[in-house]
Amino acid sequence: MNVQNIEQYRVGAEPFYRVTAGEDALYEAAYARRMPVMLKGPTGCGKSRFVEYMAWKLGRPLITVACNEDMTASDLVGRYLLDKDGTVWQDGPLTTAARIGAICYLDEVVEARQDTTVVIHPLTDHRRQLPLDKKGELLEAHPDFQLVISYNPGYQSLMKDLKQSTKQRFAALDFDYPEAELEAEIVARETGVDSETAGKLVQVAHRTRNLKGHGLDEGISTRLLVYAGQMIAEGVEPVAACQMTLVTPLTDDPDMRQTLQAAVETFF
Ligand code: ADP
């Protein structure tokens, strides 16, 4: 692995992240002991942004993997590929992170099958090793390597949950949408809309978050509010902007869409 390859994983400029409850200090302490960390919370509430920010703050490269149910252990660890000279081994993202001392962020790890998830076990206990069985190599993780996973408790089901033997390898931080004033500040800062508009968007989101479990799987996320703010900042009329970014993505149910639309029209 040459230096150029490591550089591509560096977080260049400081990502904008507003600390909400001392999570940065807690994360730093966990990182000091290279403790695996799980970030729990609904989609679009700032988990990925937080990891980027912490990687930047700690000066570590960051390798992010979006997990899905078709992902195999080889997709994480690596595989032999055929090229003109025969077969060459290609490290997967987890192996690369363990070699170069990166923070490896497995986003939505619940999506991966359990036989895929177990490959992280030997990396997350005192061994800090990754067996590359097909290659016949036992990789000792770089001293700076750390594993971080995200997990959305809302999607939890009997079929799709992490095994206790996986869960209990991680310290965990709870994430949620920021409290109203702070969320409005984030939306204003991320999009350039004025604070009044940002405040109204947050109020729309709050209405929908109360509908979680009553016709909606999840309420409007901070990410969608940022989209709405961006559309408005582009000059789109607010009701149309909200329809495109807050109503239409969230649900296909006509009654629920009407309810969301009414919430938008209450504020805009
Ligand atoms: P997740 O990983 O939880 O799905 P993201 O980290 O992608 O969500 O967050 C979505 C968006 O929300 C970010 O792009 C950012 O604009 C905004 N955001 C959420 N929380 C914060 C925060 N505390 N500070 C700055 N931006 C935030």
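Atoms within each ligand, like the ligands themselves, are counted from 1 in listed order. Just so it is clear, the values below take in all heavy atoms, side chains as well, and ignore hydrogens, waters and symmetry mates.
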May I ask you to check whether Y105 has an N/O atom sitting below 3.5 Å from an N/O atom of ligand 1?
no

Can a cation-pi geometry be assigned to R33 and Y31, taking NZ or CZ under 6.0 Å from the six-membered ring centre and within 45° of the ring axis?
no

Does some non-hydrogen atom of G41 fall short of 4.0 Å from ligand 1?
no

What verdict does the side-chain contact (heavy atoms from CB on, under 4.5 Å) test give for D24 and K57, after you've listed the backbone C-alpha separation in whole Å, the side-chain angles of each residue and the deciding distance to 0.1 Å?
CA-CA 9 Å; D24 56 340; K57 201 166 180 211; 3.6 Å; yes

For ligand 1, find out whether one of its N or O atoms is nearer than 3.5 Å to an N or O atom of T20.
no

Compute the shortest N/O to N/O distance between T222 and ligand 1 and return yes if it is under 3.5 Å, no if not.
no

Any ion pair linking R223 and E218 (charged N to carboxylate O, less than 4.0 Å)?
no

What pairs of residues pass the side-chain hydrogen bond (donor to acceptor under 3.5 Å, both in side chains) test when at least one of them lies in residues 259-268, not counting sequence neighbours?
Q261-E265

Nearest candidate to atom 1 (P) of ligand 1, where distance is taken over non-hydrogen atoms, out of P42, S221, S150, G44:
G44

Going by the 4.0 angstrom heavy-atom rule, the piece of E190 near ligand 1 is side chain

Go through ligand 1 atom by atom and flag the ones less than 4.0 Å from a non-hydrogen atom of V226.
16 (O)

Output, in order, the C-alpha distance, side-chain angles, deciding distance and verdict of side-chain contact (heavy atoms from CB on, under 4.5 Å) for D75 and D70.
CA-CA 9 Å; D75 292 328; D70 296 326; over 6 Å; no

Between Y9 and R60 (side chain of the first, backbone of the second, donor and acceptor by atom type, cut-off under 3.5 Å), is there such a pair?
no

Checking the N or O distance criterion of under 3.5 Å, is ligand 1 in contact with F50?
no

Does the N or O separation between I186 and ligand 1 drop below 3.5 Å for any pair?
no

Using a plain distance cutoff, I'd like to know if P178 has any nitrogen or oxygen under 3.5 Å from a nitrogen or oxygen of ligand 1.
no

Suppose the criterion is ring-ring contact (aromatic ring centres under 6.0 Å, His included): which pairs have a residue in residues 166-218, not counting sequence neighbours?
F50-F175

Heavy-atom distances under 4.0 Å are what count here, so tell me which part of F16 touches ligand 1: side chain, backbone, both or neither.
both

